[in-house]
Amino acid sequence: MNKISLHKAGYTISVWGVAIILLWVGAFKFTPTEAKAIEGLVSNSFLMSWLYKIWSQQGVSNLIGIVEIITGIALLLHFYWKKAGILAGLLGILTFIITLSFLFTTPGVFRKVDGMLVTDFFILKDIMALGISLLVLDKSLENAHATAR
């Protein structure tokens, strides 16, 4: 009987979790509801606000959705094609650094509730997703170097 690798299972579940979230949220970006919902985050971001000078509210949301979907697909592909992991890792790192920056660029994102400082917790999940993206990139680069030898 084969020994179950908790490390491998944890890694696989983590990557699948991030991929599912990216695919689902990425698809939702194509709706007018989500395009409007992210406008406050994107328009206050020094990294992304310029996009509204080029595209409409829906166009910007669609672009973000495309990047999220490509990242999600690349995360899943990396289990079979290691070069996809390099793309997934880089896009994931970029995506999650940008979304985490919303915590510092969006007015009113932190507020007090019952005397406790709280924020939009959906953004905080991106701390874990950033870590998983770093792991995917590291593993993919490791495999690419091993293959090149």
Side-chain angles (χ1 to χ4, degrees), residues 1-107 109-110 119-149:
M1 182 182 281
N2 290 339
K3 183 178 176 185
I4 295 173
S5 167
L6 294 178
H7 176 80
K8 186 175 180 179
Y11 179 83
T12 302
I13 291 168
S14 298
V15 172
W16 268 90
V18 173
I20 289 168
I21 290 168
L22 284 167
L23 292 168
W24 201 337
V25 172
F28 194 50
K29 293 286 190 293
F30 290 87
T31 68
T33 301
E34 181 66 358
K36 180 144 181 61
I38 66 169
E39 183 180 24
L41 298 169
V42 175
S43 66
N44 285 294
S45 168
F46 67 92
L47 297 170
M48 298 186 74
S49 60
W50 60 272
L51 292 171
Y52 287 123
K53 293 178 182 170
I54 300 171
W55 293 293
S56 67
Q57 180 186 64
Q58 188 62 60
V60 170
S61 189
N62 292 352
L63 176 66
I64 294 168
I66 289 167
V67 171
E68 290 173 340
I69 290 169
I70 289 170
T71 306
I73 291 169
L75 281 169
L76 296 177
L77 285 175
H78 103 279
F79 290 109
Y80 310 100
W81 181 37
K82 297 305 176 190
K83 288 184 181 181
I86 296 170
L87 175 66
L90 291 172
L91 285 176
I93 291 165
L94 180 66
T95 296
F96 300 121
I97 285 174
I98 289 171
T99 58
L100 286 167
S101 77
F102 295 159
L103 291 170
F104 308 103
T105 61
T106 306
V109 76
F110 287 99
T119 188
D120 294 323
F121 294 110
F122 76 94
I123 294 176
L124 291 180
K125 70 166 176 7
D126 292 352
I127 296 170
M128 291 177 288
L130 174 60
I132 292 165
S133 297
L134 286 163
L135 289 172
V136 168
L137 179 61
D138 181 60
K139 184 174 184 149
S140 299
L141 288 171
E142 224 173 69
N143 289 334
H145 291 305
T147 306
R149 288 183 212 160

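Applying the side-chain contact (heavy atoms from CB on, under 4.5 Å) criterion to S49, with sequence neighbours excluded, gives no partner residue. Annotation: side-chain contact (heavy atoms from CB on, under 4.5 Å) contacts of L76 (sequence neighbours excluded): W16, A19, L23. With sequence neighbours excluded, no residue forms a side-chain contact (heavy atoms from CB on, under 4.5 Å) with K53.
For the pair V18 and L22, the minimum side-chain heavy-atom distance is below 4.5 Å. Using a 4.5 Å cut-off on side-chain heavy atoms (C-beta onward), F30 and S61 make no contact. Looking at I38 and Q57, their side chains never come closer than 4.5 Å, going by heavy atoms from C-beta outward. Residues L103 and F110 are in side-chain contact: their nearest non-hydrogen atoms beyond the backbone lie under 4.5 Å apart. Side-chain contact between M48 and L41 is absent, with no heavy atoms from C-beta onward closer than 4.5 Å. You'll find the side chain of W55 reaches within 4.5 Å of the side chain of L63, heavy atoms only.
Contacts classified as salt bridge (Lys or Arg N to Asp or Glu O under 4.0 Å) and involving residues 86-104 (residues at least two apart or in different chains) are not found. Applying the salt bridge (Lys or Arg N to Asp or Glu O under 4.0 Å) rule to pairs touching residues 26-52 yields K29-E34, K29-E68, sequence neighbours excluded.
When all heavy atoms of Y52 and S43 are compared, the closest pair comes out as CE1-N, 3.7 Å.
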Pairs of donor and acceptor atoms involving the side chains of residues 81-99, under 3.5 Å and at least two apart or interchain, shall be tabulated with distances.
from	atom 1	to	atom 2	distance (Å)
K82	NZ	H78	O	3.4
T95	OG1	L91	O	2.8
T99	OG1	T95	O	3.3
T99	OG1	F96	O	3.2
T99	OG1	D126	OD2	2.5

Distance-only donor-acceptor hits, side chain of residues 127-136, under 3.5 Å, sequence neighbours excluded:
from	atom 1	to	atom 2	distance (Å)
S133	OG	A129	O	2.9

Test log, rule side chain to side chain contact (heavy atoms under 4.5 Å, CB included), inputs F104 and F46: CA-CA 11 Å; F104 308 103; F46 67 92; over 6 Å; no
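Enclosure of atom CG in L6 is not indicated, since only 12 or fewer non-hydrogen atoms of other residues, nucleotides or ligands lie within 6.0 angstrom.
Side-chain atoms of T31 come within 3.5 Å of backbone N or O of F28 as a donor-acceptor pair. Panel note: side chain S56, backbone G59; a donor-acceptor pair is recorded below 3.5 Å.
Taking CG from N62 and CD1 from I69, the interatomic distance works out to 9.5 Å, rounded to the nearest 0.5 Å. Here L75 contributes atom CG and I20 contributes atom CD1; the two are 11.0 Å apart, rounded to the nearest 0.5 Å. A distance of 7.5 Å separates CG of L47 from OG1 of T105, quoted to the nearest 0.5 Å.
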